[in-house]
Amino acid sequence: MSLTTLIFDVDGTLADTERDGHRPSFNLAFKEFGLDWEWTVPLYGELLAVTGGKERIRHYVDRYHPEQRSDAYFDELVVQLHQSKTRHYMALLEKGAIPLRPGVLRLLNEARQADLILAIATTTTPENVTSLLSATLGPESVGWFKIIAAGDIVSAKKPAPDIYLWALDALGISAQEALAFEDSENGLRSARAAGLPTLVTINEYTRGQDFSGAKAVLSDLGEPHQPYALHQGALPPRGWVDIDLCRRMAKTSD
């Protein structure tokens, strides 16, 4: 089958949102609720092993503040903290503090010109997705994507394949018609479990993770004036990801 669709993860893939976006936003939410919790850069790197913001808060509490679990309103607190974090995150986006990663805008434009379908599959909230797209690409860019599978639309988060299976079903396509873009081991495992060929662009937090099964592992998508660095895979050692390269990766068997 020929390539018809590109499916993108968001956090860490479209933009380096984790370290300088979500992490400080969580800290602002904790401060807002009078909590003395602070997620440092190294600690947040550890917490990223857990996918999903609310799940990450629960994991952190279980490990560092287990006494908080006995609070009768703990589940409500988690929801409120996450809502507060989302507000702070969107405020950062509106300030233009979180740019797209190299090559993202170029590849999106090339895909649209080639009449490829664009889609998103992420565990972040729909609000975070649309805010990032609007802040970096303009409000009309939300309409570039045929579907945005985000947040709690499925109960099992990555590395479970559910979000990708939901997206494929909503798009009405097979995994062999699409190429997924991820930045983490959990994301890769999710996409591969759904049968999707997957390209990984690493970042500070995911460097060194196990990317077995990826079509390639790159520093980023690259630009003609700022080529990617190849970390794994049978691609040119330097270059940029274009539609022809996407088609080659989708066509080659695992």
Side-chain angles (χ1 to χ4, degrees), residues 1-17 98-122 129 132-138 140-149 164 167-168 171 173-185 187-188 190-192 194-204 206-207 209 211-254:
M1 291 186 178
S2 60
L3 179 68
T4 66
T5 306
L6 304 183
I7 307 178
F8 293 87
D9 171 54
V10 174
D11 292 322
T13 301
L14 293 184
D16 282 324
T17 55
I98 309 173
L100 294 174
R101 296 190 67 187
V104 169
L105 175 59
R106 175 188 51 76
L107 184 60
L108 291 175
N109 285 332
E110 289 180 9
R112 295 176 68 218
Q113 291 167 5
D115 292 325
L116 292 182
I117 296 168
L118 297 175
I120 281 173
T122 179
V129 177
L132 176 66
L133 295 177
S134 296
T136 56
L137 298 169
E140 71 285 352
S141 64
V142 176
W144 297 0
F145 297 85
K146 187 171 182 179
I147 65 154
I148 295 178
Y164 278 109
L168 290 171
L171 290 165
I173 64 170
S174 69
Q176 290 71 38
E177 297 175 68
L179 179 65
F181 294 78
E182 280 285 354
D183 72 301
S184 69
E185 180 181 350
L188 172 64
S190 174
R192 294 299 297 126
L196 286 156
T198 308
L199 171 66
V200 173
T201 53
I202 59 173
N203 57 55
E204 178 181 350
T206 63
R207 191 183 310 274
Q209 293 182 358
F211 294 119
S212 301
K215 287 294 181 181
V217 179
L218 307 175
S219 58
D220 49 58
L221 295 178
E223 297 280 15
H225 65 280
Q226 184 183 340
Y228 64 66
L230 177 68
H231 293 269
Q232 177 183 317
L235 295 183
R238 295 177 66 80
W240 56 94
V241 177
D242 58 15
I243 299 304
D244 286 341
L245 198 56
C246 289
R247 290 186 173 123
R248 281 171 48 193
M249 284 186 282
K251 184 183 297 183
T252 55
S253 59
D254 295 312

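All values reported here derive from a predicted model rather than from experimental measurement.
Arg207 contributes no side-chain N or O that, together with a main-chain N or O of Ser219, makes up a donor-acceptor pair within less than 3.5 Å. With hydrogens and angles disregarded, a donor-acceptor distance shorter than 3.5 Å links the side chain of Arg101 to the backbone of Gly12. Between the side chain of Arg238 and the main chain of Gly222, no donor-acceptor pair closer than 3.5 Å is present. Formation of a donor-acceptor pair under 3.5 Å by the Thr198 side chain with backbone atoms of Leu188 is not found in this model.
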Test log, rule side chain to side chain contact (heavy atoms under 4.5 Å, CB included), inputs Leu218 and Leu235: CA-CA 9 Å; Leu218 307 175; Leu235 295 183; 4.2 Å; yes
Thr4/Leu171 under side chain to side chain contact (heavy atoms under 4.5 Å, CB included): CA gap, chis, key distance, verdict: CA-CA 11 Å; Thr4 66; Leu171 290 165; over 6 Å; no
Thr136 vs Leu14, side chain to side chain contact (heavy atoms under 4.5 Å, CB included): CA-CA, chis, key distance, verdict: CA-CA 10 Å; Thr136 56; Leu14 293 184; over 6 Å; no
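Looking at Asp244 and Arg247, their side chains come closer than 4.5 Å, going by heavy atoms from C-beta outward. No side-chain heavy atom of Pro236 sits under 4.5 Å from any side-chain heavy atom of Leu230. Between Pro197 and Met249, the closest side-chain pair of non-hydrogen atoms is not below 4.5 Å. Side-chain contact between Leu221 and Val104 is present, with heavy atoms from C-beta onward closer than 4.5 Å. The closest side-chain heavy-atom distance from Asp11 to Leu132 is not below 4.5 Å. By the 4.5 Å heavy-atom criterion applied to side chains, Leu137 and Leu108 are counted as neighbours. Using a 4.5 Å heavy-atom cutoff, the side chains of Leu168 and Leu196 are in contact. With contacts defined as side-chain heavy-atom distances shorter than 4.5 Å, the pair Trp144/Ile120 does not qualify.
Here CG of Asp220 is found 12.0 Å from OG1 of Thr13. Values are rounded to the nearest 0.5 Å. Between Glu185 atom CD and Gln209 atom CD the span is 5.5 Å, to the nearest 0.5 Å. A distance of 6.5 Å separates OG of Ser184 from CG of Asp9, quoted to the nearest 0.5 Å. Summarising the geometry, atom CD belonging to Glu223 is positioned 9.5 Å from atom CG belonging to Leu107; distances are rounded to the nearest 0.5 Å. Note: Glu110 CD to Leu6 CG = 10.5 Å, rounded to the nearest 0.5 Å. Rounded to the nearest 0.5 angstrom, Trp240 CH2 and His225 NE2 are separated by 11.0 Å.
Closest approach of Ala178 and Ala250 over heavy atoms only: O-CB, 4.5 Å. In this structure, Ala180 and Ala191 approach most closely via the heavy-atom pair CB-CB, 4.0 Å. Looking at every heavy atom in both residues, Ala216 comes nearest to Leu199 through O-CD1, 3.5 Å. In plain terms, the two heavy atoms of Ser141 and Ser134 that are nearest each other are OG-N, 4.1 Å.
The aromatic rings of Phe8 and Phe181 sit parallel, their planes meeting at an angle under 30°, below the 60° perpendicular limit.
For the side chain to side chain donor-acceptor pair (under 3.5 Å) criterion with Asp183, the lone passing option out of Thr201, Asn203, Thr206 is Asn203.
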